[in-house]
Protein chains: 2
Amino acid sequence: MKRNTWQREAVREALDHTEGFVSAQGLHSTLHATGSPIGLATVYRALADLAAAGDADSLQSPEGESLYRACSTNDHHHHLICRNCGLTVEIEADAVETWAKNVAAQNGFTQAAHVVDVFGLCAACTLASAAAAEPAPTPAS
Amino acid sequence: MKRNTWQREAVREALDHTEGFVSAQGLHSTLHATGSPIGLATVYRALADLAAAGDADSLQSPEGESLYRACSTNDHHHHLICRNCGLTVEIEADAVETWAKNVAAQNGFTQAAHVVDVFGLCAACTLASAAAAEPAPTPAS
DNA sequence: TCGCTTTTGACAATCATTATCAATAGCCGT
DNA sequence: ACGGCTATTGATAATGATTGTCAAAAGCGA
């Protein structure tokens with residue numbers, strides 16, 4: 001049976017109050033900062049439960065950490081993430097959803113889950129990056 | 001300066017001869033199996049170099065490991081991967097390519113890279129899984 | 001309220017990956 | 001072809017995130 005503990009509530013709430021993605025460790029830090037003496041392992045477990053229950057979305061940062069985000073809507077959507085500043089834009093992808101389902105079905109696959117995320121440089125970072133590249137275009141020794 | 005070592009060649013070749021994705025560790029094992037006394041750290045480095053040079057693609061499995069695949073063709077395609085037996089089916093996704101590009105552009109993003117992979121259970125594993133689930137469908141206590 | 005069961009939490013274990021650093025081997029200029 | 005400088009290698013330790021362990025504490029039903 002699933003019991004109702006303040007710890008789980010705390011994690012859920014902390015996640016709700018977070019915009020963008022947080023790592024389990026980050027969320028743990030946040031919770032500690034707000035005074036909760038919650039344990040790290042518990043945060044991991046709560047996060048995993050939340051994700052399993054569909055109340056949270058999880059993805060992996062390019063660095064390999066698992067990031068979580070509150071799933072405010074039932075709508076399944078994906079993200080466009082700036083690899084430099086972390087800006088996250090929610091994108092709808094009905095076309096992709098359908099495509100993924102079809103592709104899986106056509107190949108006899110079931111329980112299809114898809115990883116669809118677009119990483120890039122947002123407008124601001126594109127400019128910054130271009131500017132940073134200017135000063136030292138000479139790799140000569 | 002970039003030197004040319006047999007180790008790097010070995011990694012590149014091993015990757016070329018591998019269909020689907022391999023983890024760095026897996027590739028290391030494969031290399032050892034073929035007799036190369038190459039070191040694990042070196043495999044990681046070579047793989048990272050290859051990826052940085054655009055000669056290899058990398059993605060992360062749902063379990064958090066980094067998987068690599070040879071970028072043998074200019075054709076950009078994606079994969080449908082069986083999460084149970086590892087069967088990999090190459091899939092074309094022109095529609096997705098276009099979609100990803102558009103979405104990125106619409107949000108001012110540049111250098112868009114997308115991670116589009118579908119994980120699921122292949123037909124065979126679906127059957128096996130269903131069979132395994134049969135014996136105990138009653139969760140009652 | 002009582003008792004059983006789940007959950008917690010501190011810590012150890014695990015796993016992939018990266019850093020370290022001395023020894024080796026490539027490459028360049030002579 | 002040779003010497004020397006320096007990138008690369010590789011064994012191992014370090015790191016860092018995540019998961020397992022297990023006794024103690026708390027929640028929920030009776």
Side-chain angles (χ1 to χ4, degrees), chain A residues 1-15 18 21-53 55-69 86 115 139-141, chain B residues 1-15 18 21-53 55-69 81 83 86 115 139-141:
Chain A
M1 176 199 314
K2 206 67 141 190
R3 292 182 185 174
N4 222 11
T5 62
W6 65 265
Q7 285 96 334
R8 214 170 311 235
E9 284 298 309
V11 170
R12 184 189 294 262
E13 185 149 339
L15 201 58
T18 305
F21 291 88
V22 234
S23 64
Q25 314 244 355
L27 200 61
H28 178 230
S29 299
T30 301
L31 282 166
H32 263 194
T34 65
S36 287
I38 193 172
L40 177 58
T42 305
V43 174
Y44 273 97
R45 280 185 290 238
L47 242 21
D49 284 350
L50 245 29
D55 290 332
D57 254 356
S58 70
L59 68 81
Q60 312 194 300
S61 74
E63 291 83 38
E65 297 180 52
S66 290
L67 302 182
Y68 297 85
R69 197 188 77 116
V115 177
S141 67
Chain B
M1 175 200 311
K2 205 67 139 191
R3 291 180 185 174
N4 221 13
T5 63
W6 64 264
Q7 285 98 333
R8 212 167 316 228
E9 285 297 311
V11 170
R12 183 189 296 259
E13 184 148 340
L15 201 57
T18 304
F21 292 88
V22 233
S23 63
Q25 313 242 355
L27 200 61
H28 178 231
S29 299
T30 301
L31 282 165
H32 264 193
T34 65
S36 287
I38 193 172
L40 176 58
T42 305
V43 174
Y44 272 97
R45 278 186 291 237
L47 242 22
D49 283 351
L50 245 29
D55 291 331
D57 256 357
S58 69
L59 69 80
Q60 310 194 303
S61 75
E63 293 81 39
E65 297 180 50
S66 290
L67 302 182
Y68 297 85
R69 116 181 111 111
I81 307 163
R83 84 186 74 189
V115 177
S141 67

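Labels below follow one simple rule: chain letters A, B, ... track the order of the sequence lines, proteins then strands, and each chain is numbered from 1.
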### Summary
Sorted by position of nearest nucleotide on DNA chain C, 5' first, the leading residue of B:R45 and B:Y68 is B:Y68

Spacing between [X] atom [atom1] and [N] atom [atom2], to the nearest angstrom:
| X | N | atom1 | atom2 | result |
| --- | --- | --- | --- | --- |
| A:L40 | C:dA13 | CG | P | 17 Å |
| B:R3 | D:dG10 | CZ | P | 15 Å |
| A:D49 | C:dT8 | CG | C1' | 13 Å |
| A:L67 | D:dA17 | CG | P | 12 Å |
| B:E9 | D:dT9 | CD | P | 11 Å |
| B:H28 | D:dT9 | NE2 | C1' | 12 Å |
| B:W6 | C:dA25 | CH2 | P | 11 Å |
| B:Y44 | D:dT9 | OH | C1' | 16 Å |

### Query
Is any side-chain heavy atom of B:L47 closer than 4.5 Å to a side-chain heavy atom of B:L27?
yes

Just to be sure I understand the rule, does [X] reach a base, reach only the sugar-phosphate, or reach nothing, if contact means heavy atoms closer than 4.0 Å?
| X | answer |
| --- | --- |
| B:Q7 | sugar-phosphate |
| A:S23 | nothing |
| A:R8 | sugar-phosphate |
| A:T5 | sugar-phosphate |

### Summary
Tightest non-hydrogen contact, residues A:K2 and A:R8, listed as CE-NH1, 3.7 Å

### Task
Grab the two heavy atoms, one from A:V11 and one from A:V43, that are nearest each other, plus how far apart they are.
CG2-CA, 4.3 Å

### Query
The side chain of A:Q25 lies closest to which of these nucleotides: D:dT18, C:dA16, C:dT7?
D:dT18

### Query
Closer to the 5' end of DNA chain D via nearest nucleotide, is it A:A24 or A:N4?
A:A24

### Query
By a strict heavy-atom criterion of less than 4.0 Å, which residues belonging to residues 29-38 of chain B are in contact with DNA chain D?
B:P37, B:I38

### Message
Using modelled atom types and a 3.5 Å cut-off, is there a donor and acceptor pairing between side-chain atoms of B:H28 and backbone atoms of B:T42?
### Response
no

### Query
Considering the terminal five base pairs at each end of the helix from C:dT1-D:dA30 to C:dT30-D:dA1, what angle separates the two local helix axes, rounded to 10°?
40°

